[in-house]
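Values below: all heavy atoms of this structure, side chains included; hydrogens, waters and symmetry mates excluded. All of these numbers come straight from a predicted model, not from anything done at the bench.
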Amino acid sequence: GYRDVHWKKTLGGRKSRTILNQDGTRLLESSQDGVVKLQGSDVGEVIATLTGCASQGANPIFSTDGRSFAVVMADRSVRIHESTSGEETAVLDGHRGTVSKIEFVGNGSRVLTYSLQDKSVRLWDVMGNPIAVQECLGDGRRNWTLSPNGNLLAVWLAEGSVRIIDTRTGIAMASPC
């Protein structure tokens, strides 16, 4: 995935976010006008330009292996793209609010999306198939966490309990609380 996000102001005064993949061969630049550019390692090399992206919400993110990336769209979907060409490979559609966070899980074969607006956490395979949907506590905080290896997801529920979900299967386990 990415861990290095930089903000800069463009010539027009707009902010843009820049995310570099782990091996430094690809760069995502997203701007406030809803455009995301996939760039190569050569200066000025634009591989793909995506329009209709959300100007607010989650940062675009590279998968852990750098082969794909995810972008939040203005229509509340998340689109998965291949990093070599920028070709769209999947659409994750189901949130009723803007997606606030995207996270590739485990080896990058699953994607976790969270919407603060619709108060849900969703787990998908990278082909766009839903694995699990869980409503969570909607108090304005991030109300979920992944285990260090990405195999378990803990979600705080509105009634005060915690639900543990196996991210490999989408099955809820017995709650520790």
Side-chain angles (χ1 to χ4, degrees), residues 1-95 97-116 121-132 142 144-153 167-168:
Y2 79 94
R3 293 296 174 242
D4 204 10
V5 177
H6 297 281
W7 289 89
K8 70 177 184 179
K9 285 207 176 193
T10 62
L11 291 176
R14 291 192 164 115
K15 282 186 177 179
S16 69
R17 295 175 270 210
T18 304
I19 298 102
L20 186 65
N21 73 349
Q22 285 185 336
D23 65 6
T25 60
R26 294 289 183 264
L27 183 97
L28 290 172
E29 183 175 3
S30 64
S31 62
Q32 288 179 319
D33 59 1
V35 175
V36 172
K37 291 181 181 179
L38 173 65
Q39 300 178 8
S41 54
D42 292 336
V43 175
E45 176 190 9
V46 176
I47 297 166
T49 300
L50 312 174
T51 59
C53 304
S55 59
Q56 307 228 342
N59 288 332
I61 183 172
F62 282 102
S63 62
T64 50
D65 62 9
R67 293 184 187 158
S68 58
F69 63 93
V71 177
V72 176
M73 304 303 289
D75 67 3
R76 300 178 179 154
S77 67
V78 172
R79 308 289 169 106
I80 307 295
H81 294 264
E82 194 270 323
S83 292
T84 304
S85 66
E87 179 182 338
E88 184 178 292
T89 58
V91 177
L92 315 180
D93 195 15
H95 279 288
T98 301
V99 175
S100 313
K101 177 76 175 162
I102 312 166
E103 186 83 32
F104 280 91
V105 179
N107 63 1
S109 62
R110 296 169 312 282
V111 181
L112 183 114
T113 59
Y114 167 68
S115 171
L116 180 61
V121 177
R122 295 171 184 261
L123 184 65
W124 315 79
D125 67 20
V126 291
M127 300 308 296
N129 301 306
I131 297 171
R142 183 176 124 174
W144 56 270
T145 190
L146 284 167
S147 64
N149 65 5
N151 290 338
L152 299 175
L153 168 68
T167 62
R168 296 163 295 190

Looking only at heavy atoms, the pair that brings V126 and V111 closest together is CG1-CG2, 3.9 Å

Please name all residues satisfying ring pair (Phe, Tyr, Trp, His ring centres under 6.0 Å) with H95, sequence neighbours left out, ordered by chain then number.
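Expected list: none.
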
Using atom types as modelled and distance alone, determine if a side-chain donor or acceptor of [X] lies under 3.5 Å from a backbone N or O of [Y].
X: T89; Y: I80; answer: yes
X: D93; Y: S77; answer: no
X: S68; Y: S83; answer: no

Please identify which of these residues, T167, N151, L152, meets the side-chain contact (heavy atoms from CB on, under 4.5 Å) condition with L146.
T167

Using the side chain to side chain donor-acceptor pair (under 3.5 Å) criterion, which residues pair with [X]? Sequence neighbours excluded.
X: E88; answer: R79
X: D42; answer: none
X: S100; answer: none
X: R110; answer: none

Using side chain to side chain contact (heavy atoms under 4.5 Å, CB included) as the criterion, list what pairs up with A54, not counting sequence neighbours.
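Scan of A54 (side chain to side chain contact (heavy atoms under 4.5 Å, CB included), adjacent residues dropped) gives V72.
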
Qualifying residues under side chain to side chain contact (heavy atoms under 4.5 Å, CB included), relative to S85, sequence neighbours excluded:
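Expected list: E82, E87.
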
